[in-house]
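A short worksheet on the structure shown next.
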Amino acid sequence: MARIAVVPGDGIGNEVITEGLRVLHALAPDIETEHFDLGAERYLRDGTTMPADVMRRFGSEFSAVLLGALGDPRVPSNVHAKDILLGSRFELDLFINFRPCKLLDARYCPLKDRAESDIDFVVFRENTEGLYTGVGGQFKRGTADEVAMEQEINTRKGVERIIRAAFAWARANGRRKVCMSDKANAMRHGHDLWQRVFRLVAAEYPDIAASHLYVDVLAMRLVQAPQDFDVIVTNNLFGDIITDLGAALQGGIGLAASGNLNPGKAALFEPVHGSAPDIAGQGIANPFATLLTVGMLLAYLGRPEQEVRLQRAVQTCLKAGRVTRELGGTLRTTEATDAVLAAL
Ligand code: IPM
Ligand code: MN
């Protein structure tokens with residue numbers, strides 16, 4: 001039986017995970033969950049960010065982790081988020097950050113005259129290296145002569161496995177196109193590696209159209225012609241940035257779901273949004289990103305039909321305007337979940 005580790009985390013993470021669990025238990029009463037008290041409160045209480053034994057248990061005793069959000073103004077260094085979220089991505093070696101971007105109701109798209117079918121692509125964001133490893137250093141900190149360096153790590157293995165994952169997923173899911181995005185015109189070492197590996201892997205997938213865009217052009221094209229994209233594969237930082245752009249295209253960060261994956265290993269699922277301290281505790285956060293994330297989790301556990309059902313139920317609510325305030329509705333977090341449960 002599947003077991004899920006649950007980390008609500010900070011701010012609205014607690015509110016949306018409560019809702020996500022209601023829906024998870026309704027759709028899959030057999031799935032066991034175990035709650036983990038990790039986040040800013042815990043850190044402020046006893047200094048714990050991410051205990052090593054919990055990390056080990058995540059990797060060995062659970063099918064997946066469901067995470068809410070991390071970030072709290074009382075922890076300006078964000079050290080707990082770094083240890084818990086980036087720590088899990090790195091130590092569990094979750095090299096795929098899978099971020100679908102699908103418009104469920106055209107009225108929430110900020111672009112004019114767009115049909116739902118125009119926005120339906122998936123981003124494969126590299127999730128274990130790039131500019132996120134913390135490799136670098138500071139020298140003469142706080143002086144007029146200070147130097148700060150952040151090294152971008154691109155390994156042959158890391159680049160190849162994310163590019164392969166993107167092509168394999170495209171083929172398995174009937175998608176025709178994979179676009180790789182880098183900045184090889186300015187970053188001549190690491191991104192040259194991306195170019196070469198992309199060409200090699202693309203040659204193994206003659207049935208998939210392979211294209212390349214520099215990331216600045218990709219940002220522009222995603223706004224001008226989102227219908228051109230099926231699968232995008234890119235590095236950690238660029239993937240972070242363009243998936244927020246993608247979230248906006250699908251109706252806002254309150255609707256964006258994600259999975260941190262390494263096939264065959266424990267995965268970590270989280271809504272793309274953060275802890276939103278400005279609205280935390282008010283009961284008005286949008287639970288839909290978490291519900292769609294729960295759908296992704298169910299598909300990962302071998303129940304893809306439940307993901308489809310859940311996505312349809314969220315879509316029904318979006319179309320009926322049964323949504324939270326930031327989408328123009330009147331519903332509170334719990335009521336929006338009630339609406340989805342009713343639609344189910
Ligand atoms: C995300 C977030 C994280 C990231 C932050 C919280 C470190 O923005 O999951 O997209 O940059 O990966
Ligand atoms: Mn982000």
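Counting convention: from 1, in listed order, for ligands and their atoms alike. All figures in this text were calculated on a predicted structure; none of them were measured in a lab.
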How close does the nearest protein non-hydrogen atom get to atom 11 (O) of ligand 1, and which residue and atom is it? Tyr132 OH, 2.6 Å
Do Leu255 and Val294 belong to the same hydrophobic cluster, where Ile, Leu, Val, Met, Phe, Trp and Tyr are linked whenever their side-chain heavy atoms lie under 4.5 Å apart, directly or via other members? yes
For atom 6 (C) of ligand 1, the closest protein heavy atom turns out to be Leu85 CD2, 4.3 Å
Partners meeting salt bridge (charged side-chain N to carboxylate O under 4.0 Å, His left out) with Glu15 (sequence neighbours left out): none
Answer with yes or no after comparing the ring centroid distance for Phe36 and Phe62 against a 6.0 Å cut-off, counting only values under it. yes
Among protein heavy atoms, which sits nearest to atom 10 (O) of ligand 1, and what does the distance come to when rounded to 0.1 Å? Asp240 OD1, 2.9 Å
So if I count the atoms of ligand 1 from 1 in the order they appear, which ones are less than 4.0 Å from some heavy atom of Arg125? 1 (C), 4 (C), 10 (O), 11 (O), 12 (O)
Just to confirm my output: which protein heavy-atom neighbour is closest to atom 1 (C) of ligand 1, and how far is it? Arg99 NH2, 3.4 Å
Asp10 side-chain N/O to Gly71 backbone N/O, donor-acceptor pair under 3.5 Å: yes
Considering the heavy atoms of Arg89, write down every atom of ligand 1 situated less than 4.0 Å from one of them. 1 (C), 4 (C), 9 (O), 12 (O)
Parallel, tilted or perpendicular: which fits the ring planes of Tyr43 and His80, with parallel below 30° and perpendicular above 60°? parallel
Atom 7 (C) of ligand 1: the protein heavy-atom neighbour that sits closest, reported with distance to 0.1 Å: Leu86 CD2, 4.3 Å
For the Mn ion (ligand 2), find the closest N/O/S atom on Asp240 and give its atom name. OD1
Anything under 30° is parallel, anything over 60° is perpendicular, the rest tilted; go ahead and classify Tyr205 against Phe167. parallel
Please find the pair of heavy atoms, one from Ile17 and one from Gly68, that lie closest to each other, and give the distance. CG1-CA, 3.4 Å
I need the contact type for His273 against ligand 1. Using non-hydrogen atoms and a strict under-4.0 Å cut-off, is it side chain, backbone, both or neither? neither
